[in-house]
Protein chains: 2
Amino acid sequence: MAVLNKMHSARISDLLDRIGRATHCLQFADGLNPAQWETLRYLARANRYSRTPTALADYLGTTKGTASQTVRALESKGYIQRVKRTCDRRSVWLELTETGQTVLARDPMARLEYAASALPPDLGGVLADGLSSLLRGLKSDCGGREFGVCAQCGHLDPTADGEARCGLTGDSLASEDRTQICVEFRAGPTGA
Amino acid sequence: MAVLNKMHSARISDLLDRIGRATHCLQFADGLNPAQWETLRYLARANRYSRTPTALADYLGTTKGTASQTVRALESKGYIQRVKRTCDRRSVWLELTETGQTVLARDPMARLEYAASALPPDLGGVLADGLSSLLRGLKSDCGGREFGVCAQCGHLDPTADGEARCGLTGDSLASEDRTQICVEFRAGPTGA
DNA sequence: AAGGATGATATCGACTCGAAACCAGTTTGC
DNA sequence: GCAAACTGGTTTCGAGTCGATATCATCCTT
């Protein structure tokens, strides 16, 4: 069984490697590069605390300087725009433009999703769970901040019925907000 | 069910994305870069027809020029060496050195393998199969040559008992050779 | 023997990334 | 209330990678 498992794990590792390489080349579509696609995807899924250059840098596992360059490139293409914040005038919000959303609809990673949707339905769930626990096993080694949604966040403070607020900022969170990625995410009692 | 499947496929896509990013950063260990690690791994697994710069370029999905630079970098570090071939004096064989094998033993992708081996045994097989068919679905889109082992190759010509030879080159293949990656691989009747 | 194909390498330019310097705005401490 | 420390963001610079092209040597075809 140990041998069998060893065989499987080598194969899994190889397959993931190859899938990674295959998707890598997909991510140069539309004149963008992988980092820029990641950024568009991130901005579409990040909540209002998290659509900033610094949070983006954290998410991408890069530096603020590099993230800034990516942002500039996307802005010059008209896919995102910077919005000055009033509360803290150093800070900037990044927002997808209309054009940006149109481009994101052509996300090349959708191919992967498409391929996944062709799997037998019962296999899909198992696959997702397997990958998820694989990632957990990996993540502890690799450093890198965790990003999760408010719904599973330790800061979430469910006050009244249906309502909830963030224990960190005190803001109340619409249900829409709670399904988005947050920089401040911390694994907590609410989460698994 | 369609909805369920859509959920799963989005999650799978996201997970693969994140695993890819996590492993990417791992592959800068020991002063090498991802392409160089890939090269070491490839050379360790490629058969004697396939340990050449051109085959490497094909495998990595890059150009010969770029592959040549990677080779040079690894050679200057002393991890591989070029061996002039006598049969075709244009051609070069790439071989791992002792040092190269030592370094490869510290392959950062082993972390992934380790994480995979921690999965429940039955899950491992399912996961591998799922990923495999996912890759198949993806590969048809993405172009990129298939690389497989002789044992599943259409060129394999099992002559006598236990013996086999390559129908392309006419060479007889030791059983060791048959488990290695070959550039000339072609999906054939022997394979699945 | 000549011309074309092939394996490999070198060179050049475009591009990306990380490190460090830098600027502006905010907070802290006296 | 002001200076120092801090923080968010941008800019600049250098290293490194990659792909395209040109070049060289060798092989193959006729």
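Note on naming: letters A, B, ... go to the chains in the order of the sequence lines (proteins, then strands), and numbering restarts at 1 for each one.
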- Message: If you compare every side-chain N and O of B:Arg72 against the phosphate oxygens of C:dA8 (OP1, OP2), does one of them come in below 4.0 Å?
- Response: no

- Task: Output the distance between atom CG (A:Leu135) and atom CG (B:Leu15), rounded to the nearest 0.5 Å.
- Result: 6.5 Å

- Query: Roughly how far, to the nearest 0.5 Å, is the CZ atom of B:Arg72 from the CD atom of B:Glu75?
  - Reply: 9.5 Å

- Nearest whole angstrom, please: distance from the C1' of D:dG9 to the CZ of A:Arg51. 18 Å

- Message: So if I take every side-chain heavy atom of B:Arg89 and compare against D:dG9, C:dT11, D:dC27, which nucleotide ends up nearest?
- Response: D:dC27

- Item | Base D:dG16 to side chain B:Gln69, donor-acceptor N/O within 3.5 Å cut-off | no

- Verdict with reasoning, A:Ser50 to A:Ile181, per side-chain contact (heavy atoms from CB on, under 4.5 Å): CA-CA 7 Å; A:Ser50 312; A:Ile181 299 177; 5.6 Å; no

- Query: Do B:Ser132 and B:Arg136 pass the side-chain contact (heavy atoms from CB on, under 4.5 Å) test, and can you show the C-alpha distance, the side-chain angles, and the key distance before you say yes or no?
  - Reply: CA-CA 6 Å; B:Ser132 173; B:Arg136 253 199 314 279; 3.6 Å; yes

- Atom-to-atom span, NZ of B:Lys84 to C1' of D:dC27 - whole angstrom: 16 Å

- Mark yes or no for a side-chain to base donor-acceptor pair under 3.5 Å between A:Thr66 and C:dG18, with no hydrogen or angle criteria applied. yes

- Message: Using whole Å, what does the distance between atom P of nucleotide C:dG7 and atom CG of B:Leu94 come to?
- Response: 14 Å

- Among D:dC18, C:dA8, D:dG8, the one nearest B:Thr70 by side-chain distance: D:dC18

- Query: Starting at CG of B:Asp58 and ending at C1' of C:dG7, how long is that distance when rounded to a whole Å?
  - Reply: 12 Å

- Query: D:dC18 C1' sits how many Å from B:Gln36 CD, rounded?
  - Reply: 13 Å

- Atom-pair distance (CG on A:Asn33; P on C:dT16), nearest Å: 5 Å

- Could you give me the CA-CA distance, side-chain angles and deciding distance for A:Leu43 and A:Leu56, then say whether side-chain contact (heavy atoms from CB on, under 4.5 Å) is met? CA-CA 8 Å; A:Leu43 290 180; A:Leu56 175 65; 5.5 Å; no

- Item | Proximal nucleotide (of C:dA8, D:dT26, D:dC18) relative to the B:Lys64 side chain | C:dA8

- Give one of base, sugar-phosphate or nothing for A:Ser68, where a contact means two heavy atoms less than 4.0 Å apart. base

- Side-chain-base donor-acceptor pair under 3.5 Å for A:Arg90 and C:dT26: no

- Item | Listed nucleotide nearest any side-chain atom of A:Ala35, set D:dG8, D:dG19, C:dC17 | C:dC17

- Item | Minimum-distance nucleotide to B:Asp88 side chain [options: D:dA20, D:dT26, C:dC17] | D:dT26

- Task: Determine, for B:Asp14 against A:Arg45, whether the closest basic-nitrogen to carboxylate-oxygen distance falls under 4.0 angstrom.
- Result: yes

- Task: Ignoring backbone atoms, establish whether A:Thr62 has a side-chain N or O less than 4.0 Å from OP1 or OP2 of C:dG18.
- Result: yes

- B:Glu38 CD - D:dT17 P separation (whole Å): 15 Å

- Note on the structure: Side-chain contact check for B:Pro53: nearest option of C:dA8, D:dT11, D:dT26 is C:dA8

- Message: Strictly below 4.0 Å: does A:Thr52 bring a side-chain N or O up to OP1 or OP2 of D:dG9?
- Response: yes

- Query: Does A:Thr63 make a side-chain N or O approach to OP1 or OP2 of C:dC17 shorter than 4.0 Å?
  - Reply: no

- Protein-nucleotide distance (B:Leu56, atom CG; C:dG7, atom C1'), rounded to Å: 13 Å

